[in-house]
*Asks:* 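Dumping the structure here so I can ask a few things about it.
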Amino acid sequence: EPLAARICPSSAARANARMHMHAAMTAVTVPGRKLLPDGTAPPILVDRMEVAVRICNEDPELKVLILSGGKMPMNVDEVTRISGACEGPGGERPPATEAEAMQRLALRLGLGADVEVLLESEALNTLENAVNVRRMLEARGDVRELAVVTSEFHMPRVKQTFELIFDGSSVALAFDESSDAALTAAEREREDAVEPAMTARLLPQAKIYRRYLAGEISLEEARRRFFHKDEPHSDVWLIPVEEVERVADAPNYAP
C-alpha cells in the first residue's frame, strides 16, 4: 500500500469521517519552509500551498487555514541549491515571515473568501510549528480535526512531530502530501541526508518542546537546547545524537 494511501486520506474520506464528529470544525495547517532572501517562497513551498488551497476549496467543512512559520535566514549554500548559482548574500532574515509569504500565495492561488486565515509567525522549526498551532487551536476551542499539509520528503518527520506534540490533545490529526517534483537535484541530495538525521534526533528534541508546552521552560530556553546555540542555525542535524539527548534531559543548560 503506498504511503499516501495510508496517511493522506482524501477530502471525501475526511468529510465522511466528520459526519460522526457532530459538525466539529476542521482546520488545515501548512508548516513553512525558508524563504528566499527577497522574501519570496521557494517552489517547494508553492507546491504545499497549492495542495492546501485545493483541499480548502474542495471541502466545505475546511473553514480555517493556519499558516505557520517565522523568519529563518537562508544561507548562501541553500540559495545555491535552489537556483544553481549564488544569488544574493544569504544569511540574513527575510523581509517577511514564512506565514506572511504563504498568505500571499493563498490569495494568489484563489483561496475561497469563506476560509479564515490565521498566521502563526514565530516558529523557527517544525517542532515549534506543531507547538504553536496546538496552542492556537486550544485557545480557540472549536477545532476538532487538523489536516497537516507538507511535502512528501518532509512528511515522515512532520507526521511524527505533530503526533508527539499533539499527544493528549482532543484534536484529531490527518495528513496530506504535496509533490517533491520542484526540488532540485542538489536540494534532494541535501534532504536525503538531513531528514533521516533529524528524525533520529526527534524524540529528545520533542522532549524539549513538550517541556516548553507544559510551562517547565521558556521558549528561549527551549531554543537554546534545540539549536545548542543562542542563535538559530541550519546545522542542527549535525549535532551528535548523544549530545541532543544529554541537553534534552539536563536540568540546566548553557551553550
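Just so we're clear, the structure is a prediction, and the values are computed from it rather than from any experiment. Hydrogens, waters and symmetry mates play no part in the numbers below; they use all other heavy atoms, side chains included.
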*Asks:* Show your reasoning for whether side chain to side chain donor-acceptor pair (under 3.5 Å) applies to Ser151 and Arg48.
*Replies:* CA-CA 6 Å; Ser151 310; Arg48 290 182 196 176; 2.7 Å; yes

*Asks:* Is there a salt bridge (Lys or Arg N to Asp or Glu O under 4.0 Å) between Glu216 and Arg210? Walk through the geometry before answering.
*Replies:* CA-CA 9 Å; Glu216 296 175 12; Arg210 291 284 301 190; over 6 Å; no

*Asks:* Whether the side chain of Arg157 engages the backbone of Glu195 through a donor-acceptor N/O pair (distance < 3.5 Å, no angle test) should be reported.
*Replies:* no

*Asks:* Inspect the contact between Arg54 and Glu50 and indicate whether a charged nitrogen and a carboxylate oxygen are less than 4.0 angstrom apart.
*Replies:* no

*Asks:* On a heavy-atom basis, which atom in Asn57 and which in Gly112 lie closest, and how many Å separate them?
*Replies:* OD1-N, 2.9 Å

*Asks:* Do Ile208 and Ile217 come close enough that some side-chain heavy atom pair is under 4.5 Å?
*Replies:* yes

*Asks:* More than 12 foreign heavy atoms under 6.0 Å from CD of Glu122: is that the case here?
*Replies:* no

*Asks:* Treating Ile, Leu, Val, Met, Phe, Trp and Tyr as nodes and any side-chain heavy-atom pair under 4.5 angstrom as an edge, say whether Leu124 and Leu213 lie in one connected cluster.
*Replies:* yes

*Asks:* Tyr212 vs Tyr209 aromatic rings, parallel, tilted or perpendicular, using cut-offs 30° and 60°?
*Replies:* perpendicular

*Asks:* Please name the pair of heavy atoms, one in Leu35 and one in Pro42, separated by the smallest distance, quoted to 0.1 Å.
*Replies:* CA-CD, 4.2 Å

*Asks:* Quick test of your reading of the model: are Glu78 and Arg33 salt-bridged, counting only N-O distances below 4.0 Å?
*Replies:* no

*Asks:* Donor-acceptor check, side chain of Thr161 to backbone of Leu127, threshold 3.5 angstrom: yes or no?
*Replies:* no

*Asks:* Of all the heavy-atom pairs spanning Asp176 and Ala147, show the shortest one and how long it is.
*Replies:* OD1-CB, 4.2 Å

*Asks:* Is the backbone of Leu238 close enough, under 3.5 Å, to the side chain of Asp235 for a donor and an acceptor to pair up by distance?
*Replies:* no

*Asks:* Within the distance-only criterion (no hydrogens, no angle test), does the side chain of Thr29 pair as donor or acceptor with the backbone N or O of Ile66 below 3.5 angstrom?
*Replies:* yes

*Asks:* Would you say the side-chain atoms of Glu243 pair up with the backbone N or O of Pro240, donor to acceptor, closer than 3.5 Å?
*Replies:* no

*Asks:* Do the side chain of Asn132 and the main chain of Glu120 share a donor and acceptor less than 3.5 angstrom apart?
*Replies:* no

*Asks:* I'd like to know if Arg201 and Glu242 make a salt bridge, using a cut-off of under 4.0 Å between side-chain N and carboxylate O.
*Replies:* no

*Asks:* Decide side chain to side chain donor-acceptor pair (under 3.5 Å) for Ser68 and Asn129; before the verdict, give the C-alpha distance in whole Å, the side-chain angles of both, and the deciding distance to 0.1 Å.
*Replies:* CA-CA 6 Å; Ser68 176; Asn129 292 138; 2.7 Å; yes

*Asks:* In this structure, are over 12 heavy atoms from other groups packed under 6.0 Å from Glu189 atom CD?
*Replies:* no

*Asks:* Within the distance-only criterion (no hydrogens, no angle test), does the side chain of Glu138 pair as donor or acceptor with the backbone N or O of Arg140 below 3.5 angstrom?
*Replies:* no

*Asks:* Donor-acceptor pair, distance only, cut-off 3.5 Å: does the side chain of Asp180 make one with the backbone of Phe153?
*Replies:* yes

*Asks:* State whether the side chain of Glu187 and the backbone N or O of Thr184 hold a donor-acceptor pair below 3.5 Å, judged by distance alone.
*Replies:* yes

*Asks:* So that I can tick it off, tell me whether Glu221 and Arg225 are bridged by a salt bridge, with the cut-off set at under 4.0 angstrom between side-chain N and carboxylate O.
*Replies:* yes

*Asks:* Salt bridge or not between Arg188 and Glu191? Use side-chain N to carboxylate O under 4.0 Å.
*Replies:* no

*Asks:* Are the side chain of Arg134 and the backbone of Val171 linked by a donor-acceptor contact shorter than 3.5 Å?
*Replies:* no

*Asks:* Can you find a heavy atom in the side chain of Met25 that is under 4.5 Å from one in the side chain of Arg144?
*Replies:* no

